Every structure is written in structure tokens, then in C-alpha cells.
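Notes follow the structure.
Predicted, not measured: the structure shown is a model, and the values here were computed from it. Note on naming: letters A, B, ... go to the chains in the order of the sequence lines (proteins, then strands), and numbering restarts at 1 for each one. Values reported hereafter were calculated over all heavy atoms of this structure, with side chains retained and with hydrogens, waters and symmetry mates removed.
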Amino acid sequence: EPEVTQTPSHQVTQMGQEVILRCVPISNHLYFYWYRQILGQKVEFLVSFYNNEISEKSEIFDDQFSVERPDGSNFTLKIRSTKLEDSAMYFCASSRNVGPQETQYFGPGTRLLVL
Amino acid sequence: AQRVTQPEKLLSVFKGAPVELKCNYSYSGSPELFWYVQYSRQRLQLLLRHISRESIKGFTADLNKGETSFHLKKPFAQEEDSAMYYCAPGVVMDSNYQLIWGAGTKLIIKP
């Protein structure tokens with residue numbers, strides 16, 4: 001069964017550095033998402049992406065964040081200048097379509113630690 | 001504001017006992033409701049959705065519009081049910097559909 005994959009599984013970075021988190025969604029899916037979960041807190045929506053553009057973003061997704069689908073398979077989340085509070089688990093998800101009939105399939109997550 | 005509440009951070013029951021994980025939502029429209037589960041060291045995965053009226057792994061969830069609740073239930077808990085459970089209404093906001101996540105309930109099934 002196809003799965004969403006994410007790399008790296010863990011990333012440690014210095015405050016102020018740029019990080020790129022990578023995701024490979026399921027191949028016939030059209031909608032892509034990034035979520036984050038700060039340790040001990042709830043899963044938070046960051047952004048959704050469809051047809052090569054952002055379709056929805058949350059307040060968390062400020063100018064420091066960007067997403068890109070650089071080729072036909074990867075979907076990346078870039079944080080330009082990391083802050084301590086960016087430390088979290090970042091989940092990528094994809095779905096074939098959008099709406100209540102559709103399941104979002106999640107990747108295993110990337111644990112980001114900003115020092 | 002759209003909000004979903006899972007009042008119990010941790011729920012611990014004995015194997016074979018009934019389980020109920022509570023979820024209440026506040027949303028002006030008619031959300032579609034989902035339960036996601038995350039087993040230890042595994043990814044988030046869909047457990048069940050209201051629209052399908054299904055029972056997965058013995059779990060069911062009934063939407064109570066009057067109480068705005070979507071509690072997850074299982075009559076006889078098994079040890080393999082130990083996991084984090086997230087209630088996630090799907091709502092339309094600004095013409096976009098997205099999931100709103102509860103804080104999650106950690107379910108521990110004691111042998």
C-alpha cells in the first residue's frame with residue numbers, strides 16, 4: 001500500500017538557520033498538507049496546497065514559511081530563519097481529493113529541534 | 001471560533017472494559033467528523049469517519065448534533081488499542097475545507 005514518506009526523520013539546527021523538510025506524497029494524490037505538533041500540544045494545521053499553489057494557510061504559516069513542489073513527486077516545507085519555538089514534529093499529509101469523503105494520509109513526521 | 005475539545009488528556013482502563021473517548025465541537029455549520037489514531041512509533045492514521053457510519057476495530061462514534069459531540073466508543077477494550085486518539089472535525093472555512101484537531105487523548109489499556 002502506498003505511503004507518504006518524509007525525510008529526514010530528525011533534524012537538529014541552530015536558531016536562525018534555514019531548514020527544508022521534505023515529503024513525498026502518495027503519487028495520485030492532488031492535495032498536500034503540512035501540520036505541526038509541538039511536544040505535548042495538539043496537531044496544528046499549517047498549510048494546504050493544490051494545483052501548485054497554496055489553497056489555505058493558518059496564522060502560524062507566516063513569511064518565514066514557504067512550500068514548494070519542485071518536481072512531480074516532492075513537496076517541501078522551508079523555514080527560512082528558524083526560531084526556538086519552531087521545534088516540533090512536522091507532519092506531511094496528502095489526499096486524493098478534498099472534503100468529507102476523503103482521507104488524509106499522513107507521513108511519519110520529521111522531528112525538528114532548534115537550538 | 002471553530003473549536004474541538006477532548007476533555008481527557010489521559011484515559012486508562014482495564015482490558016475488557018468499555019471505553020469512551022469524548023469529543024465536543026463548536027462549529028456553526030455541519031462538520032464532518034473524523035477520529036484519527038496514532039499508535040506508538042507509527043504515523044497518524046484515520047480510524048473512522050462519521051460519514052461512513054462504520055465500525056473499525058470495534059470502535060464506533062455517534063454524532064450527537066444536539067450535544068455537538070462525537071464520542072468514540074468500544075465495548076471491550078483490547079491492549080492493542082493503546083494509542084493517542086484525535087478527534088478532528090472537517091470544516092469549511094473561507095471556502096476551504098480543513099481539519100480542526102483536538103488536543104488528543106492518550107488511551108492506555110491495562111492488562
Side-chain angles (χ1 to χ4, degrees), chain A residues 1-7 9-10 21 23-26 29-51 53-61 88-111, chain B residues 1-10 21 23-25 27 29-54 56 61 63 65 70 83-106:
Chain A
E1 187 176 335
E3 290 183 331
V4 176
T5 59
Q6 288 184 245
T7 54
S9 59
H10 295 78
L21 309 182
C23 169
V24 179
I26 294 173
H29 285 187
L30 302 177
Y31 291 80
F32 316 117
Y33 313 85
W34 281 102
Y35 295 88
R36 79 170 185 193
Q37 186 176 29
I38 295 170
L39 188 64
Q41 297 186 26
K42 64 172 68 178
V43 176
E44 299 173 292
F45 169 77
L46 293 178
V47 66
S48 59
F49 191 86
Y50 169 71
N51 200 25
E53 58 184 32
I54 291 173
S55 52
E56 181 69 19
K57 60 182 181 179
S58 70
E59 294 170 351
I60 303 166
F61 194 89
M89 192 75 157
Y90 288 81
F91 294 103
C92 173
S94 70
S95 62
R96 190 175 48 194
N97 215 323
V98 70
Q101 305 282 1
E102 297 297 323
T103 299
Q104 291 186 21
Y105 292 85
F106 283 79
T110 294
R111 186 172 295 284
Chain B
Q2 280 65 251
R3 192 167 57 234
V4 55
T5 303
Q6 293 182 250
E8 302 130 334
K9 275 194 161 180
L10 174 66
L21 293 98
C23 172
N24 289 88
Y25 64 90
Y27 178 61
S30 296
E32 295 301 332
L33 290 133
F34 301 83
W35 277 97
Y36 277 80
V37 61
Q38 188 173 28
Y39 301 102
S40 178
R41 297 192 184 87
Q42 295 187 32
R43 63 189 68 202
L44 276 162
Q45 55 187 285
L46 179 68
L47 178 62
L48 58 80
R49 71 185 102 199
H50 162 250
I51 199 169
S52 301
R53 301 281 198 274
E54 57 205 344
I56 303 293
L63 174 61
K65 289 189 178 180
F70 189 55
M84 279 293 292
Y85 290 80
Y86 296 93
C87 179
V91 301
V92 176
M93 293 170 64
D94 299 324
S95 304
N96 286 296
Y97 181 87
Q98 62 176 275
L99 295 175
I100 308 294
W101 293 80
T105 297
K106 184 170 185 175

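For B:Gln42, no part sits under 4.5 Å from any heavy atom of chain A, backbone or side chain. Looking at A:Glu44, there are no atoms closer than 4.5 Å to chain B (heavy atoms on both sides), in backbone or side chain. Of the two parts of A:Glu102, only the backbone, made up of N, CA, C and O, holds a non-hydrogen atom closer than 4.5 Å to a non-hydrogen atom of chain B. When heavy atoms are compared at a cutoff of 4.5 Å, A:Tyr31 does not approach chain B at all.
Remark: the backbone N or O of A:Glu3 is not paired with any side-chain donor or acceptor of B:Arg43 at under 3.5 angstrom.
A distance of 9.0 Å separates CG in B:Leu44 from CE in A:Met89, rounded to the nearest 0.5 Å. The structure places CD1 of B:Ile100 at 9.0 Å from NZ of A:Lys42, a figure rounded to the nearest 0.5 Å.
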From CA spacing to verdict: side chain to side chain contact (heavy atoms under 4.5 Å, CB included), A:Thr103, B:Arg49:
CA-CA 9 Å; A:Thr103 299; B:Arg49 71 185 102 199; 2.6 Å; yes

Show, in sequence, the C-alpha distance, side-chain angles and deciding distance for B:Gln98 and A:Tyr33, and conclude whether the side chain to side chain contact (heavy atoms under 4.5 Å, CB included) test is met.
CA-CA 10 Å; B:Gln98 62 176 275; A:Tyr33 313 85; over 6 Å; no

Given B:Leu99 and A:Tyr35, is the side chain to side chain contact (heavy atoms under 4.5 Å, CB included) satisfied, shown in steps?
CA-CA 10 Å; B:Leu99 295 175; A:Tyr35 295 88; 3.9 Å; yes

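Aromatic pair A:Phe106/B:Trp101: ring centres closer than 6.0 Å.
Counting heavy-atom pairs under 4.5 Å between each of B:Ala88, B:Gly90, B:Gly104, B:Ala103 and chain A puts B:Ala103 at the top.
In the displayed structure, A:Leu39 atom CG is contacted under 6.0 Å by at most 12 heavy atoms of other residues, nucleotides or ligands.
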